[in-house]
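The structure appears right after this line, and notes come after that.
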Amino acid sequence: MSIKTNELTHIYNPGTPFEKLALNGITLNIPKGKVTAIIGQTGSGKSTFVQHLNALLVPTSGSVDIENYHIQPGTKIKDIKELRKKVGLVFQFPEYQLFEETIEKDIAFGPKNFGTSEEEAVALAKKVLPIVGLDDRYLQRSPFDLSGGQKRRVAIAGILVLEPNILVLDEPTAGLDPQGAQEMMTLFMDLNKKQGKTVLLVSHDMEHVKDYCDHVIVFDQGKVKIESSVKEFFQHPEWMENIGINPPAIIRLKKMLNEKGFCIPDDVLEMDTLVKIVKEQVKTYE
Ligand SMILES: Nc1ncnc2c1ncn2[C@@H]1O[C@H](COP(=O)(O)OP(=O)(O)OP(=O)(O)O)[C@@H](O)[C@H]1O
Ligand SMILES: [Mg+2]
């Protein structure tokens with residue numbers, strides 16, 4: 001199930017003094033079963049874009065196609081309700097959307113909304129909780145008593161319980177400590193590798209983009225500026241400079257070494273390979 005957008009444009013508050021062209025003719029084909037990163041400076045339209053993928057926002061013009069769902073200006077939610085089961089959207093700071101008295105009720109809310117019986121929805125909640133690294137004991141607790149990272153896990157469980165084929169994650173690790181962020185990324189990568197889910201990741205973290213993603217799309221002022229494989233993207237530090245993005249540590253290290261007289265090929269993106277090359281060049285020098 002690939003995602004296609006055609007000349008997707010979104011204007012907030014049209015015809016008012018607050019009118020804002022947030023997306024300006026986005027045409028993309030996001031591959032099925034892969035992990036695609038969406039990056040770009042703050043305000044470039046990333047969150048606006050991903051909210052079109054399960055019709056939280058509808059286009060001002062242009063369209064979105066996902067499987068046999070076609071979203072265009074005027075599309076009504078009732079016509080595409082099932083799409084929200086197929087595309088699980090995890091918002092920036094999803095923990096703010098928890099609202100039920102217990103974690104069990106919060107996770108069961110989605111399936112119940114799609115017509116699953118109370119009993120079955122509770123069973124599903126129980127099943128999904130360990131996937132996000134929390135055990136049964138949490139089910140009867142209030143989601144408001146948890147730490148920020150735990151709340152986020154519960155919010156993500158509330159999406160996974162619907163078994164979406166596509167996971168759209170809007171900065172899912174923002175504000176987590178490094179270990180929490182890594183655990184979260186491992187969870188998403190497992191869902192991609194073991195269950196074949198298509199993952200779309202909005203991120204400001206270039207280490208995550210380099211380590212986990214297959215493709216990268218760069219947004220700039222509501223337009224697509226670059227579309228590339230991750231391997232190709234990180235061979236062009238000048239692209240990152242142009243868009244004001246701090247490259248991953250290994251790219252910065254390579255630049256420093258080259259400035260000191262080493263000759264590190266552009267396609268080296270792994271630390272082990274870099275160490276080997278530096279050792280060889282030091283030996284030759286001696
Ligand atoms: N609800 C809204 N009403 C009006 N303008 C909005 C609204 N949401 C976003 N915008 C504007 O649309 C543009 C794109 O915003 P968006 O949130 O999509 O950016 P982003 O790339 O996700 O940024 P960030 O990296 O900060 O999350 C910005 O100029 C923003 O101010
Ligand atoms: Mg955003």
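We count ligands from 1, going down the list as the structure has it; atoms in each ligand are counted the same way. Residue indices begin at 1 and follow the sequence shown.
Looking only at heavy atoms of the protein, atom 18 (O) of ligand 1 is closest to Thr48 OG1, 2.5 Å. Protein heavy atom closest to atom 26 (O) of ligand 1, with residue, atom name and distance, is Thr42 OG1, 2.4 Å. In terms of protein heavy-atom proximity, atom 25 (O) of ligand 1 is closest to Lys46 NZ, 2.7 Å. When hydrogens are left out, the protein atom nearest atom 27 (O) of ligand 1 is Gln92 NE2, 3.1 Å; that is the closest non-hydrogen contact. At the shortest separation from atom 1 (N) of ligand 1 among protein heavy atoms lies Tyr12 CE2, 3.7 Å. Scanning the protein heavy atoms around atom 17 (O) of ligand 1, the nearest turns out to be Ser47 CB, 3.8 Å.
When distances from atom 5 (N) of ligand 1 to the protein are checked, a heavy atom turns up under 4.0 Å. The nearest protein heavy atom to atom 30 (C) of ligand 1 is not closer than 4.0 Å.
Aromatic ring centroids of Phe109 and Phe99 lie under 6.0 Å apart. Proximity of the aromatic rings of Phe219 and Phe49 is defined here by a centroid distance below 6.0 angstrom, and this criterion is met.
Listed by chain and number, Ser47 OG, Gln92 OE1 are the protein N/O/S atoms closer than 2.8 Å to the Mg ion (ligand 2), with waters left out.
Heavy atoms of Gln51 come nearer than 4.0 angstrom to ligand 1 in no pair at all. The shortest separation from a heavy atom of Gly45 to ligand 1 is under 4.0 Å, placing the residue in contact.
Salt bridge Glu82/Lys86: absent, no basic N to carboxylate O contact under 4.0 Å.
For His208, the ring pair (Phe, Tyr, Trp, His ring centres under 6.0 Å) test picks out Tyr212, with sequence neighbours left out. Partners of Asp177 under the salt bridge (charged side-chain N to carboxylate O under 4.0 Å, His left out) rule, at least two apart in sequence or in another chain, do not exist in this structure. In this view, Glu232 and His236 satisfy the side chain to side chain donor-acceptor pair (under 3.5 Å) rule, not counting sequence neighbours.
With no hydrogens or angles considered, a side-chain donor-acceptor pair links Glu171 and His204 at under 3.5 Å.
Side chain of Lys76 to main chain of Gly74: a donor-acceptor pair is present (N/O by atom type, distance under 3.5 Å, no hydrogens or angles).
Screening Val87, Leu89, Val199 against Ile166 for a side chain to side chain contact (heavy atoms under 4.5 Å, CB included) leaves a single residue, Val87.
Contacts of Lys20 with ligand 1, taken as heavy-atom pairs under 4.0 Å, involve the side chain alone. When heavy-atom distances to ligand 1 are checked against a 4.0 Å cut-off, Val202 has no atom that comes that close, whether in backbone or side chain.
By the 3.5 Å distance cut-off applied to N or O atoms, Gly43 is counted among the residues near ligand 1.
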